[in-house]
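Right, one structure below, let's go through it.
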Amino acid sequence: FLLNDPGVQKELELVDEQREQLKQMQREFGDEIRSKIDGIMKNPAEDKSQIAEVLKEINQRKKNRLAEILLPHQVDRLKQISLQANVNQAGLDQALASKALMEELGIDEDQKKELTKKAEQLNKEFNEKVAQLKSNMRDELLTELKPEQREKMKQLLGSKCDFGEQTSSRMRIGSPALRSSPQPIG
């Protein structure tokens, strides 16, 4: 919930009364969501696909309630911040593929296909650059080892394995691997 973020609250210039109303709204809708979903999940006869419909209905009421609490310029700014958060999290390509934004921008199916094609090209280039940066980082980090440690590391790694796309996408940049010892397999 973006409105819990102090930076967003500051950006919207919320007053104490609005903050309190938003906390109360969040509690009320949170309780309602939990109650309705629990009811659906506990009843084997209930159709689980109802959850999406329940969430859609509650989200619409939540938007209406936000419009009562926030001033019009705050609602507009919250929409902008929400779109920024979506772009930051999912990427501009995913945001542009959303039905709502396509309609807002007047993007037709042909343009969507072109945007998708361009996004795939850019993602490929990005992944190649990331792979090169990882390689550079690994090489530079290895220079910090003593020669006998580097040699031992080469032996531990063995010959290079080209991981498939699915495995590669789950691998992370950084040093978490340095925090725990490798476990033997088998």
Side-chain angles (χ1 to χ4, degrees), residues 1-127 129-130 133 166 169-176 179:
F1 195 53
L2 282 173
L3 288 168
N4 288 337
D5 185 291
V8 173
Q9 291 180 6
K10 183 179 178 184
E11 182 71 27
L12 295 176
E13 300 174 336
L14 296 179
V15 296
D16 290 339
E17 181 182 347
Q18 288 175 311
R19 283 189 188 90
E20 195 52 47
Q21 289 175 326
L22 291 168
K23 284 180 190 175
Q24 179 62 31
M25 180 192 83
Q26 188 173 2
R27 281 191 295 272
E28 290 171 8
F29 282 114
D31 290 345
E32 182 180 356
I33 288 170
R34 278 187 292 283
S35 172
K36 288 191 175 190
I37 290 177
D38 284 349
I40 292 170
M41 297 305 286
K42 289 179 181 174
N43 186 348
E46 289 284 341
D47 182 8
K48 305 302 185 240
S49 65
Q50 286 181 322
I51 292 173
E53 192 59 39
V54 165
L55 292 175
K56 183 178 178 183
E57 183 266 325
I58 290 174
N59 281 334
Q60 184 56 52
R61 287 193 292 122
K62 202 177 194 180
K63 284 180 185 178
N64 294 342
R65 181 74 178 109
L66 275 174
E68 294 171 7
I69 296 171
L70 300 177
L71 298 171
H73 75 278
Q74 292 172 314
V75 171
D76 291 342
R77 183 65 180 136
L78 180 59
K79 288 177 184 176
Q80 293 171 336
I81 293 168
S82 179
L83 179 57
Q84 288 178 33
N86 186 21
V87 168
N88 287 342
Q89 183 178 14
L92 182 59
D93 56 329
Q94 293 298 312
L96 288 172
S98 74
K99 186 176 179 179
L101 199 52
M102 284 179 61
E103 288 176 8
E104 181 78 22
L105 296 174
I107 296 173
D108 61 23
E109 285 301 317
D110 289 336
Q111 190 177 14
K112 180 182 176 184
K113 287 177 188 173
E114 289 301 315
L115 287 166
T116 300
K117 185 177 173 182
K118 183 66 172 181
E120 288 170 357
Q121 173 199 341
L122 292 171
N123 279 325
K124 182 180 179 202
E125 291 172 14
F126 172 79
N127 289 334
K129 289 177 182 178
V130 167
L133 287 170
Q166 187 176 14
S169 67
R170 289 192 306 241
M171 295 181 177
R172 304 176 76 129
I173 299 174
S175 60
R179 294 185 200 132

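None of these values were measured; they are calculated from a predicted model.
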Would you mind reporting whether [Y] and [X] have side-chain heavy atoms less than 4.5 Å apart?
X	Y	value
Leu83	Gln80	no
Gln18	Leu12	no
Val75	Leu66	no

Qualifying residues under side-chain hydrogen bond (donor to acceptor under 3.5 Å, both in side chains), relative to [X], sequence neighbours excluded:
X	value
Glu104	none
Gln121	Glu125
Gln89	none
Gln50	none

Listed partners of [X] passing side chain to side chain contact (heavy atoms under 4.5 Å, CB included), at least two apart:
X	result
Gln94	Ala90
Glu13	none
Asp5	Val8
Glu103	Lys99

Results of salt bridge (charged side-chain N to carboxylate O under 4.0 Å, His left out) for [X] - residues two or more places apart only:
X	result
Asp110	none
Lys36	Glu32
Asp38	none
Glu68	Arg65

Side-chain (Asn86) to main-chain (Ser82) donor-acceptor, under 3.5 angstrom: no
Main-chain N/O of Leu14 paired with Arg19 side-chain donor or acceptor, under 3.5 Å: yes
Minimum heavy-atom distance between Asp93 and Asn123, given as atom pair plus value: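 Heavy atoms of Asp93 and Asn123 come nearest at OD2-ND2, 3.6 Å.
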Check whether the side chains of Glu20 and Gln24 place a donor and an acceptor atom closer than 3.5 Å, and report yes or no. no
Per the side-chain contact (heavy atoms from CB on, under 4.5 Å) rule, which among Thr116, Leu115, Leu122 passes with Lys118? Leu122
